[in-house]
Participant: 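Sending over a structure as structure tokens; questions will come in a sec.
Each chain gets a letter, A, B and so on, in the order the sequences are listed, and its residues count up from 1.
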Amino acid sequence: MDFPKRPNFQELEKEIMDFWEKEKLYKFNLEADKPVYSIDTPPPTISGKLHIGHAFSYSQAEFIARYKRMRGYNVFYPFGYDNNGLPTEKLAEEMHGVKAKDMSRAKFVELCLETSRKVEKEYERVFKRMGISCDWNELYRTIEPRVQKISQTSFLKLYEKGRVYRKLAPTLWCPKCETAIAQVELKDKEVNSFFNYILFELEDGGKIEIATTRPELLASCCAVFVHPGDKRYKHLVGKKAKVPLFNFYVPIMADKRVDPNKGTGIVMFCTFGDLTDVEWFKAYKFEPKISIASDGTLNELAGKYKGMKVKEAREAIIEDLKKEGLLVKQVPIKHVVNVHERCDTEIEFLLTKQWFIKYLDLKEKFLEAGRKIKWWPEHMRVRYENWINGLQWDWCISRQRYFGVPFPVWYCKKCGKEILASYDQLPVDPLKDKPSKPCSCGCKEFVPEKDVMDTWATSALTPLINAAWDKGTEHKRFKMLYPMSLRPNAHDIITFWDFNTIAMCMLHTGKVPFENIMISGHGLDRHGRKMSKSRGNVVLPLDMMEKYSADALRWWAASVKLGEDLNFREEDLRKGIRHATKLWNTARFASMHLKEKPNKPAKLNIVDRWLLAELAEVIDACTEAFEHYEYSKAKMHAEQFFWNVFCDYYLEMIKYRLYSGEEKDSALWTLYNSLLILLKLFAPFIPFVTEKIYQLLFRNYEGTKSIHISEWPKSEKDWYDKEALALGRIAVECIAALRKWKKLKNLSLAEEVENITLAHPEPEKVETIKKEIEKTMRIKNLLVEKGSEVIVKE
RNA sequence: GGGCCCGUGGUCUAGUGGUUAUGACGCCGCGCUUACAACGCGGAGGUCGGCGGUUCGAUUCCGCUCGGGCCCACCA
């Protein structure tokens with residue numbers, strides 16, 4: 001057997017990785033007659049490079065996959081890529097130095113696909129190198145045709161149920177690029193501006209003062225707001241104010257979103273100056289007054305100011321207000337505005353038609369669904385519930401983007417009616433394809449929907465994607481895989497991914513999509529900050545695995561409780577190396593003595609019985625911890641037992657038997673079995689080194705071709721031997737005291753000693769295990785007497 | 001501003017209404033004792049973030065406060 005003192009972990013891991021791949025160890029078997037454990041792997045966003053944070057949370061879910069596999073489950077562990085949407089668009093633009101709006105849509109989509117393919121390859125390398133035991137045959141991409149079909153089917157079904165509707169809604173708009181933009185494309189910018197104090201006339205001739213930075217929006221003014229608790233203005237609520245220059249009346253209303261300390265405490269509400277305006281618009285259901293066109297110029301509603309750019313109009317209106325004596329003062333201020341990150345242009349809100357999913361009426365149902373799922377850790381459910389309780393609007397699922405799943409929709413050119421694709425046409429691209437029949441009005445010309453769906457509207461379907469919902473709900477695969485056993489993800493996307501998935505799947509199937517949700521924390525940088533390109537604090541998993549090992553990286557990821565964040569410090573990776581080396585050397589020691597598979601002896605030595613009793617407790621503790629997704633506890637129990645009991649005491653205590661031959665069969669049998677059990681307890685965490693040792697030392701005897709499909713350890717009934725447990729622990733106490741004494745006396749541990757007197761509270765018990773203590777500590781004659789503490793007497 | 005979580009020796013971490021509070025890294029001393037110096041043995045090191053309350057008793061339960069993280073909201 002080949003047991004060098006120090007293995008080369010990198011080489012070892014690559015060899016094992018090839019072995020797993022060749023043996024197709026993690027392939028899901030649709031035909032197997034075993035209980036299924038299915039995992040709804042989070043498809044990572046194709047947005048750049050994977051960092052340590054990914055390694056952290058994917059490892060944690062993977063521990064569970066390996067544990068369940070060893071528990072005999074038919075584990076379904078697919079992999080996916082979320083390459084549908086804005087992050088991939090931005091990556092493609094960045095990598096190729098181009099901009100989407102400067103090229104044809106088809107060309108840009110092709111570029112995104114090409115970018116994604118390249119990045120997927122890199123992701124795959126990292127995950128495989130980490131030993132993530134996914135079945136790579138079960139691979140999906142959220143942009144691929146099959147998934148598009150599922151996503152579009154979802155849309156059509158919801159449409160049929162009356163759950164999907166289209167209505168005007170404010171959209172973030174860049175007037176320079178003349179495109180809708182997403183919230184993540186916004187950037188804050190501090191600008192110099194003026195607070196303009198403007199007079200509005202009341203019906204009774206009185207005047208009120210309003211401060212605004214955007215006088216050009218006067219034509220869009222719909223109302224005037226004060227704070228409900230503001231005594232100065234209480235009497236105004238319910239009255240009307242006349243908008244200067246345009247001379248129409250608007251209501252004066254109270255709303256707590258007004259800050260009484262800002263400006264005059266009276267604010268004008270326009271459609272739309274900023275995000276608060278959007279909220280008021282939605283909350284009070286105003287008729288919009290849009291005075292800014294998509295190119296950033298004012299429209300006919302603005303009367304004489306029509307055609308002017310926003311800034312020109314602002315100046316012109318200020319001039320006119322001055323002339324009329326309606327401008328009280330201008331106070332220069334610095335304030336933060338939202339600009340488009342590309343071109344630095346201040347954004348506007350435009351009313352456009354958007355698609356929504358109606359679900360506000362189902363809040364109670366979603367809360368109930370959340371209660372049907374086991375959350376690990378439990379408190380994470382609270383975030384889910386808070387999110388639902390705070391929901392105020394239906395879900396807008398349309399995005400004015402390019403790279404995403406298209407809506408299966410056209411509009412009749414003549415009557416404007418919505419024409420939906422038929423199911424057998426899916427996946428469909430309305431920009432290229434045509435409806436299968438003419439509009440009911442007879443018209444044969446159509447305007448395609450150009451928007452694409454929100455990426456979450458597709459990724460919220462992963463349980464259905466995995467279960468092949470496109471083939472219906474009555475086939476074997478769907479029944480095997482839906483609902484899924486586990487949804488693992490980090491806590492930042494509970495509100496997006498978990499909530500949307502539960503909502504979507506409940507709408508489609510009426511059943512919760514998974515039985516368990518396992519929420520992991522974040523792997524952060526040394527100072528506890530998220531890793532990001534802009535911060536420059538990204539640590540790459542591949543670098544760390546080359547420097548240490550995949551096992552070391554995984555060992556690190558297992559070191560905190562589920563749900564806790566963990567700061568990454570490179571020196572912590574040494575712990576994993578240290579542990580793997582220790583395990584390796586233990587196996588090396590065992591290999592020197594295990595020349596064949598030992599038979600169970602008729603009678604077990606007391607030390608062996610003690611070890612098995614300790615082991616039985618550890619197995620139970622690890623198993624229970626894993627059943628509760630507490631992998632870190634399982635790791636801790638196994639690790640502490642291994643170092644502090646197995647290596648420090650047990651191995652030392654059996655050496656005399658291994659070398660002398662006395663009761664050797666008992667020691668060999670126990671060593672063989674306890675080491676195998678330990679390997680199995682560690683296997684989910686450090687799959688490479690445990691596999692290698694298993695192959696070298698156990699495979700021939702055990703038969704099963706890999707430790708990762710071997711049976712999870714079970715303790716035998718007769719191992720729970722209370723007497724042996726107590727005696728063994730007493731022996732440990734005595735040995736510790738004797739070691740301390742030898743140290744004090746400057747004696748080497750190997751030094752033979754004649755007569756020693758040891759005090760112990762229970763001398764009669766020590767007597768029964770005296771021989772083992774003597775042999776371990778090389779004492780000729782151990783005398784025991786009663787004492788209050790365990791100590792060597794001079 | 002709202003919600004959730006975290007705050008234990010220099011660093012990371014376990015844990016509990018009750019004797020001297022767990023383990024590891026680091027540090028100090030000794031040791032290459034036939035698996036392992038990527039090791040072994042021994043040792044030093046903590047008012048369990050702060051204040052107040054409940055209790056016979058609190059690191060553990062409650063309230064407030066400070067610090068950190070994440071998500072959400074806000075910036076006329």
Participant: Starting at CG of A:L749 and ending at C1' of B:rG31, how long is that distance when rounded to a whole Å?
Facilitator: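 The distance from CG of A:L749 to C1' of B:rG31 comes to 8 Å, rounded to the nearest Å.
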
Participant: Can you check the distance between B:rG9 and B:rC30, where both ends of the measurement are the P atom (answer in whole Å)?
Facilitator: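 Looking at atom P only, B:rG9 and B:rC30 are 29 Å apart.
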
Participant: With a 4.0 Å cut-off on heavy atoms, is A:M592 in touch with a base, just the backbone sugar-phosphate, or nothing at all?
Facilitator: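 Result for A:M592 = sugar-phosphate.
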
Participant: Under the ring-ring contact (aromatic ring centres under 6.0 Å, His included) test, which residues partner A:H379, sequence neighbours left out?
Facilitator: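 ring-ring contact (aromatic ring centres under 6.0 Å, His included) list for A:H379, sorted by chain: empty.
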
Participant: Atom NZ of A:K745 to atom C1' of B:rC30: distance rounded to whole Å?
Facilitator: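 In whole Å, B:rC30 C1' and A:K745 NZ are 16 Å from each other.
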
Participant: Could you check whether A:T581 gets within reach of a base, just the sugar-phosphate, or nothing at all, counting any heavy atom under 4.0 Å?
Facilitator: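 The residue A:T581 makes base contact.
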
Participant: Taking the same atom, C1', in B:rA14 and in B:rG7, what whole-Å distance lies between them?
Facilitator: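 Nearest-Å result for B:rA14 against B:rG7 at atom C1': 15 Å.
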
Participant: What are the residues of residues 379-389 of chain A, sorted by number, that bring a heavy atom to within less than 4.0 Å of RNA chain B?
Facilitator: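 Listed by number, they are A:H379, A:V382, A:R383, A:N386, A:W387.
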
Participant: Could you tell me how far B:rC32 sits from B:rC6 if I compare only their C1' atoms? Round to whole Å.
Facilitator: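 Straight-line distance between the two C1' atoms is 44 Å.
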
Participant: Can you list the residues that meet the ring-ring contact (aromatic ring centres under 6.0 Å, His included) rule with A:Y359, with sequence neighbours excluded?
Facilitator: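 Partners of A:Y359 under the ring-ring contact (aromatic ring centres under 6.0 Å, His included) test: A:F366, A:F499.
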
Participant: How many whole angstroms separate atom NZ of A:K635 from atom P of B:rC12?
Facilitator: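 Spelled out: NZ on A:K635 to P on B:rC12 is 16 Å.
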
Participant: Taking the nucleotide of RNA chain B with the nearest heavy atom to each, does A:K633 or A:I577 sit closer to the 5' end?
Facilitator: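 Residue closer to the 5' terminus by nearest nucleotide: A:K633.
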
Participant: Less than 6.0 angstrom from the centroid, inside 45 degrees of the normal: does A:R578 satisfy that with respect to the ring of A:W555?
Facilitator: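 Pair A:R578/A:W555 does not count as cation-pi.
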
Participant: Taking B:rG57 as the reference, what is the distance to B:rA44 when you measure between their C1' atoms (whole Å, please)?
Facilitator: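 So the two C1' atoms sit 30 Å from each other.
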
Participant: For A:Y649, give me all partners under ring-ring contact (aromatic ring centres under 6.0 Å, His included), at least two apart in sequence or on another chain.
Facilitator: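 Counting only residues at least two positions away or on another chain, A:Y649 forms no ring-ring contact (aromatic ring centres under 6.0 Å, His included).
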
Participant: Rounded to whole angstroms, how far apart are CG on A:D565 and C1' on B:rG7?
Facilitator: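 So the two atoms are 13 Å apart, to the nearest Å.
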
Participant: Give A:L651 one of three labels, base, sugar-phosphate or nothing, depending on what nucleic acid heavy atoms sit under 4.0 Å from its own.
Facilitator: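 Base contact.
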
Participant: Could you run down nucleotides 16-24 of chain B 5' to 3' and tag each one B, S or - for protein heavy-atom contact under 4.0 Å?
Facilitator: -------SS

Participant: Provide the full list of salt bridge (charged side-chain N to carboxylate O under 4.0 Å, His left out) pairs with a residue in residues 643-662 of chain A, sequence neighbours left out, each pair given once.
Facilitator: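 Listed by first then second residue: A:D608-A:R657, A:E652-A:K655, A:E662-A:K771.
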
Participant: When rounded to the nearest Å, what value does the distance between C1' atoms of B:rG17 and B:rC56 take?
Facilitator: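 Here B:rG17 and B:rC56 have their C1' atoms 12 Å from each other.
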
Participant: Taking the six-membered ring where the residue is Trp, are the ring centres of A:F626 and A:Y631 under 6.0 Å apart?
Facilitator: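 No, the ring centres sit 6.0 Å or more apart.
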
Participant: By salt bridge (charged side-chain N to carboxylate O under 4.0 Å, His left out), which residues pair with A:R739, not counting sequence neighbours?
Facilitator: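 If we apply the salt bridge (charged side-chain N to carboxylate O under 4.0 Å, His left out) test to A:R739, skipping adjacent residues, there are no hits.
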
Participant: By the 4.0 Å heavy-atom rule, please label A:F225 as base, sugar-phosphate, or nothing.
Facilitator: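 Nothing: the residue A:F225, judged by heavy atoms under 4.0 Å, touches no strand.
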
Participant: For the pair A:E385 and A:R371, evaluate side-chain contact (heavy atoms from CB on, under 4.5 Å) and give the outcome as yes or no after the intermediate values.
Facilitator: CA-CA 9 Å; A:E385 294 185 348; A:R371 279 180 232 120; 4.0 Å; yes

Participant: Regarding B:rU34, can its base be found pairing with the side chain of A:R588 as donor and acceptor, where the two atoms are less than 3.5 Å apart?
Facilitator: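 A donor-acceptor contact between them is absent.
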
Participant: Please work out if A:T586 contacts a base, only the sugar-phosphate, or nothing of the nucleic acid, heavy-atom cut-off 4.0 Å.
Facilitator: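 Base: the residue A:T586, judged by heavy atoms under 4.0 Å, touches a nucleobase.
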
Participant: Applying side-chain contact (heavy atoms from CB on, under 4.5 Å) to A:F646 and A:L671, what does each step give before you reach the verdict?
Facilitator: CA-CA 10 Å; A:F646 191 77; A:L671 176 63; 4.1 Å; yes

Participant: Kindly state whether the ring of A:F685 and the ring of A:F63 have centres lying under 6.0 angstrom apart.
Facilitator: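 Aromatic pair counts; centres sit under 6.0 Å.
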
Participant: Which value, in whole Å, describes the distance between the P atoms of nucleotides B:rA58 and B:rG1?
Facilitator: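 Pairwise P distance, B:rA58 against B:rG1, rounds to 33 Å.
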
Participant: Rounded to the nearest Å, what distance is computed from the OH atom of residue A:Y649 to the P atom of nucleotide B:rG40?
Facilitator: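 It is 12 Å, rounded to the nearest whole Å.
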
Participant: Find the distance A:E571:CD to B:rC25:P and express it as a whole number of Å.
Facilitator: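 Checked: the CD to P distance equals 13 Å.
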
Participant: Sort by first number and list every stem of RNA chain B: at least 3 consecutive Watson-Crick or G-U wobble pairs, both distances under 3.5 Å.
Facilitator: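 If one scans RNA chain B for consecutive Watson-Crick or G-U pairs, the stems found are B:1-7 with B:66-72, B:10-12 with B:23-25, B:27-31 with B:39-43, B:49-53 with B:61-65.
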
Participant: May I ask you to check whether A:F589 and A:H593 place their ring centers less than 6.0 Å from one another?
Facilitator: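 Centroid separation for A:F589 and A:H593: below 6.0 Å.
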
Participant: Measure the distance from CG on A:L678 to P on B:rC36 and round it to the nearest whole Å.
Facilitator: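 My rounded result for the distance is 19 Å.
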
Participant: Please tabulate, for the side chains in residues 560-573 of chain A, all donor-acceptor contacts under 3.5 angstrom to protein atoms that are two or more places apart in sequence or on a different chain.
Facilitator:
residue, atom, partner, partner atom, Å
A:D565, OD1, A:H491, NE2, 3.1
A:D565, OD1, A:H522, N, 2.7
A:N567, ND2, A:R526, O, 3.4
A:R569, NE, A:D572, OD2, 3.3
A:R569, NH2, A:D572, OD1, 2.9
A:R569, NH2, A:D572, OD2, 3.0
A:E570, OE2, A:K547, NZ, 2.6
A:E570, OE2, A:Y548, OH, 2.8
A:E571, OE1, A:R526, NH2, 3.1

Participant: Quick one: which protein N/O atoms are closer than 3.5 Å to N/O atoms of nucleotides 26-29 of chain B? Pair and distance per line, please.
Facilitator:
residue, atom, partner, partner atom, Å
B:rG26, OP1, A:R574, NH2, 3.1

Participant: Under 4.0 angstrom, heavy atoms only, what part of the nucleic acid is A:F496 near: base, sugar-phosphate, or nothing?
Facilitator: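 Answer is sugar-phosphate: A:F496 comes under 4.0 Å of backbone atoms only.
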
Participant: Evaluate the ring planes of A:Y694 and A:F698, with Trp represented by its six-membered ring, and classify them as parallel (under 30°), tilted (30 to 60°) or perpendicular (over 60°).
Facilitator: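 A:Y694 and A:F698: parallel rings.
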
Participant: Using the test ring-ring contact (aromatic ring centres under 6.0 Å, His included), find all partners of A:F642 that sit at least two apart in sequence or belong to another chain.
Facilitator: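 With neighbours one apart ignored, the set is A:H579, A:F682.
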
Participant: Distance between the C1' atoms of B:rU19 and B:rU59, in whole angstroms?
Facilitator: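 Approximately 16 Å lies between the C1' atom of B:rU19 and that of B:rU59.
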
Participant: Assert yes or no for the condition that the ring centre distance of A:W280 to A:F286 is strictly below 6.0 Å.
Facilitator: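 No.
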
Participant: Taking the inter-plane angle between the rings of A:F56 and A:W556 on a 0 to 90° scale, is it parallel (under 30°), tilted (30 to 60°) or perpendicular (over 60°)?
Facilitator: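 Taking A:W556 first and then A:F56, their aromatic rings sit tilted (interplane angle of 30° to 60°).
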
Participant: Would you classify A:A211 as touching base, sugar-phosphate or nothing, given that sugar-phosphate means primed atoms plus P, OP1 and OP2, and contacts are heavy atoms under 4.0 Å?
Facilitator: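 Result for A:A211 = sugar-phosphate.
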
Participant: At 4.0 Å (heavy atoms only), tell me whether A:D648 reaches a base, stays on the sugar-phosphate, or touches nothing.
Facilitator: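 Counting heavy atoms under 4.0 Å across all strands, the contact made by A:D648 is with sugar-phosphate only.
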
Participant: Go nucleotide by nucleotide along RNA chain B from the 5' end; which of A:W643 and A:K655 gets its closest nucleotide reached first?
Facilitator: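 With A:W643 and A:K655 compared, the 5'-side residue is A:K655.
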
Participant: What is the nucleic acid contact for A:R569, judged by heavy atoms within less than 4.0 Å: base, sugar-phosphate only, or nothing?
Facilitator: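 The residue A:R569 makes sugar-phosphate contact but no base contact.
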
Participant: With sugar-phosphate meaning primed atoms plus P, OP1 and OP2, does A:K561 contact a base, only sugar-phosphate, or nothing at under 4.0 Å between heavy atoms?
Facilitator: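 It contacts sugar-phosphate atoms only.
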
Participant: Just how far, in rounded Å, is C1' of B:rC72 from NE2 of A:H491?
Facilitator: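 About 14 Å, once rounded to whole Å.
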
Participant: Say you pick atom P in B:rU13 and the same atom in B:rU8; how far apart are they, in whole Å?
Facilitator: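 7 Å, rounded to whole Å.
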
Participant: Could you list the residues that satisfy side chain to side chain contact (heavy atoms under 4.5 Å, CB included) with A:R778, not counting sequence neighbours?
Facilitator: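 By the side chain to side chain contact (heavy atoms under 4.5 Å, CB included) rule, A:R778 matches A:K742, A:A750, A:E752.
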
Participant: So A:C270, base contact, sugar-phosphate only, or nothing? Heavy-atom distance under 4.0 Å.
Facilitator: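 Result for A:C270 = nothing.
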
